[in-house]
Participant: 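I'd like to ask some things about the structure below.
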Amino acid sequence: QCKSATDIDVIPGAKTAVLVASNDVVKHFSGCLGLTQISAQTDGVYRDKIGSVSTYGAVNSLTPPMMMAVASIAGEVCSDLMDQEITLGARVFAGIDLNAAALPSDSLLTGAIQNIASSCWDGYSASNEEIAILLSTINQSISVGEASAAKKAGLLLCTSMLSSLSAIIK
């Protein structure tokens, strides 16, 4: 059962985890990705979902609806990132032509995974197992010659990573 944000047991000597609070989630995602501007679509989804995101960032306020809201917001922020990287040049997805119908190589996708992890996972690196899961999911979900395959791969990768607990724990 969830407790209030003020009713938290303190364990001496233990590090305290805090979640990204509702008023910081878009700023947090945009900042770690280097996104210069969010779209009206992203702002609308954020405003629609804000009530499900932890107000103060207390770990004991984490709920399934919050994680669904975070995934929705992450998807929109990542879509904005795809558009920015296509327009201004790939930085997070370095070496990947996001307009291509071909899937990027696993090594290029791994580079993007490492870029997002190092920027958005608060000092945590993606493990080999996490990289393998992401690559497998992308390769099973997107056909090689599918229209916008590279952009879809980037969107899937980015949204998956920002929807993880590693991306919302500060």
Side-chain angles (χ1 to χ4, degrees), residues 1-11 14-88 90-93 98 109 112-127 129-131 133-134 136-138 140-142 148 151-170:
Q1 182 177 13
C2 290
K3 298 178 181 181
S4 74
T6 58
D7 188 18
I8 298 172
D9 297 329
V10 176
I11 302 169
K15 184 178 177 183
T16 302
V18 178
L19 302 175
V20 174
S22 59
N23 61 338
D24 288 335
V25 68
V26 171
K27 187 180 352 174
H28 174 70
F29 288 160
S30 298
C32 75
L33 292 172
L35 183 63
T36 56
Q37 185 173 354
I38 64 165
S39 65
Q41 174 72 22
T42 299
D43 187 57
V45 168
Y46 166 69
R47 291 183 185 285
D48 185 48
K49 303 293 184 183
I50 192 171
S52 296
V53 179
S54 173
T55 304
Y56 302 108
V59 173
N60 61 3
S61 64
L62 183 68
T63 64
M66 176 181 170
M67 292 308 296
M68 293 300 294
V70 166
S72 295
I73 295 165
E76 295 302 328
V77 169
C78 290
S79 179
D80 291 347
L81 177 66
M82 297 295 104
D83 294 341
Q84 177 179 295
E85 297 238 327
I86 288 169
T87 303
L88 301 178
R91 187 184 52 77
V92 174
F93 292 93
L98 292 169
L109 290 170
I113 291 167
Q114 292 168 337
N115 288 341
I116 293 172
S118 68
S119 296
C120 299
W121 282 7
D122 196 30
Y124 175 74
S125 298
S127 69
E129 182 180 8
E130 289 165 327
I131 292 169
I133 291 168
L134 283 165
S136 174
T137 301
I138 289 167
Q140 290 176 14
S141 302
I142 302 166
S148 303
K151 186 175 181 179
K152 289 176 184 176
L155 185 60
L156 176 59
L157 184 155
C158 179
T159 303
S160 298
M161 292 184 73
L162 291 190
S163 299
S164 70
L165 281 175
S166 296
I168 62 170
I169 291 180
K170 295 178 18 178

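No experiment lies behind these values; they were computed from the predicted model shown. One-based numbering along the sequence shown.
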Participant: Evaluate side chain to side chain contact (heavy atoms under 4.5 Å, CB included) for S79 paired with L155, printing each intermediate quantity in order.
Facilitator: CA-CA 6 Å; S79 179; L155 185 60; 4.2 Å; yes
Participant: Are Q114 and S118 linked by a side-chain donor-acceptor pair shorter than 3.5 Å?
Facilitator: no
Participant: Going from CE on M82 to OG1 on T159, what distance comes out if it is rounded to the nearest 0.5 angstrom?
Facilitator: 7.5 Å
Participant: What heavy-atom pair brings I168 and M67 nearest, and what distance separates the two atoms?
Facilitator: CD1-SD, 3.7 Å
Participant: About how many Å separate CG of N115 and SG of C32, when rounded to the nearest 0.5 Å?
Facilitator: 11.5 Å
Participant: Take V25 and K49 through the test side chain to side chain contact (heavy atoms under 4.5 Å, CB included) and record every step on the way to the result.
Facilitator: CA-CA 11 Å; V25 68; K49 303 293 184 183; over 6 Å; no
Participant: Looking only at heavy atoms, what is the nearest atom pair of A21 and T55, with distance?
Facilitator: CB-O, 3.3 Å
Participant: Can you see which heavy atom on C158 is nearest to which on I116, and at what distance?
Facilitator: CA-CD1, 3.9 Å
Participant: Report yes if some heavy atom in the side chain of I138 is under 4.5 Å from a heavy atom in the side chain of L157; otherwise report no.
Facilitator: yes
Participant: What distance do I73 atom CD1 and H28 atom NE2 have between them, rounded to the nearest 0.5 Å?
Facilitator: 12.0 Å
Participant: Which pair of non-hydrogen atoms, one from S52 and one from A69, has the smallest distance, and what is that distance?
Facilitator: CB-CB, 3.7 Å
Participant: Of the non-hydrogen atoms in K152 and I142, which two are nearest, and what is the gap between them?
Facilitator: C-CD1, 3.5 Å
Participant: When you measure from the side chain of Y124 to the backbone of A167, do you find a donor-acceptor pair of N or O atoms at a distance under 3.5 Å?
Facilitator: no
Participant: Working to the nearest 0.5 Å, report the span between OG of S141 and CG of L156.
Facilitator: 5.5 Å
Participant: Sub-3.5 Å donor-acceptor pair from the side chain of W121 to the main-chain atoms of M161, do we have one?
Facilitator: yes
Participant: May I ask you to decide if G34's main-chain N or O and Q84's side chain share a donor-acceptor pair within less than 3.5 Å?
Facilitator: yes
Participant: Look up atom CG in L35 and atom CD in E85, then write down how far apart they are to the nearest 0.5 Å.
Facilitator: 9.5 Å
Participant: Would L165 and L62 count as a side chain to side chain contact (heavy atoms under 4.5 Å, CB included) if you check the C-alpha gap in whole Å, the side-chain angles of each, and the deciding distance to 0.1 Å?
Facilitator: CA-CA 10 Å; L165 281 175; L62 183 68; 3.7 Å; yes
Participant: Are side-chain N/O atoms of S160 and S163 paired as donor and acceptor at under 3.5 Å?
Facilitator: no
Participant: Just by distance, do the side chain of T42 and the backbone of E76 share a donor-acceptor pair under 3.5 Å?
Facilitator: yes
Participant: So how far is it from I133 CD1 to S127 OG, rounded to the nearest 0.5 Å?
Facilitator: 7.0 Å
Participant: Can you tell me if D80 uses its side chain to pair, donor with acceptor, with the backbone of I38 under 3.5 Å?
Facilitator: no
Participant: How close do G57 and S61 get, heavy atom to heavy atom, and via which atoms?
Facilitator: C-OG, 4.5 Å
Participant: Does the side chain to side chain contact (heavy atoms under 4.5 Å, CB included) test come out yes or no for L81 and F93, once each step is laid out?
Facilitator: CA-CA 10 Å; L81 177 66; F93 292 93; 3.8 Å; yes
Participant: Checking S72 side chain against M68 main chain: does a donor-acceptor pair fall under 3.5 Å?
Facilitator: yes
Participant: Short question: side chain of S30, backbone of K27 - any donor-acceptor pair under 3.5 Å?
Facilitator: no
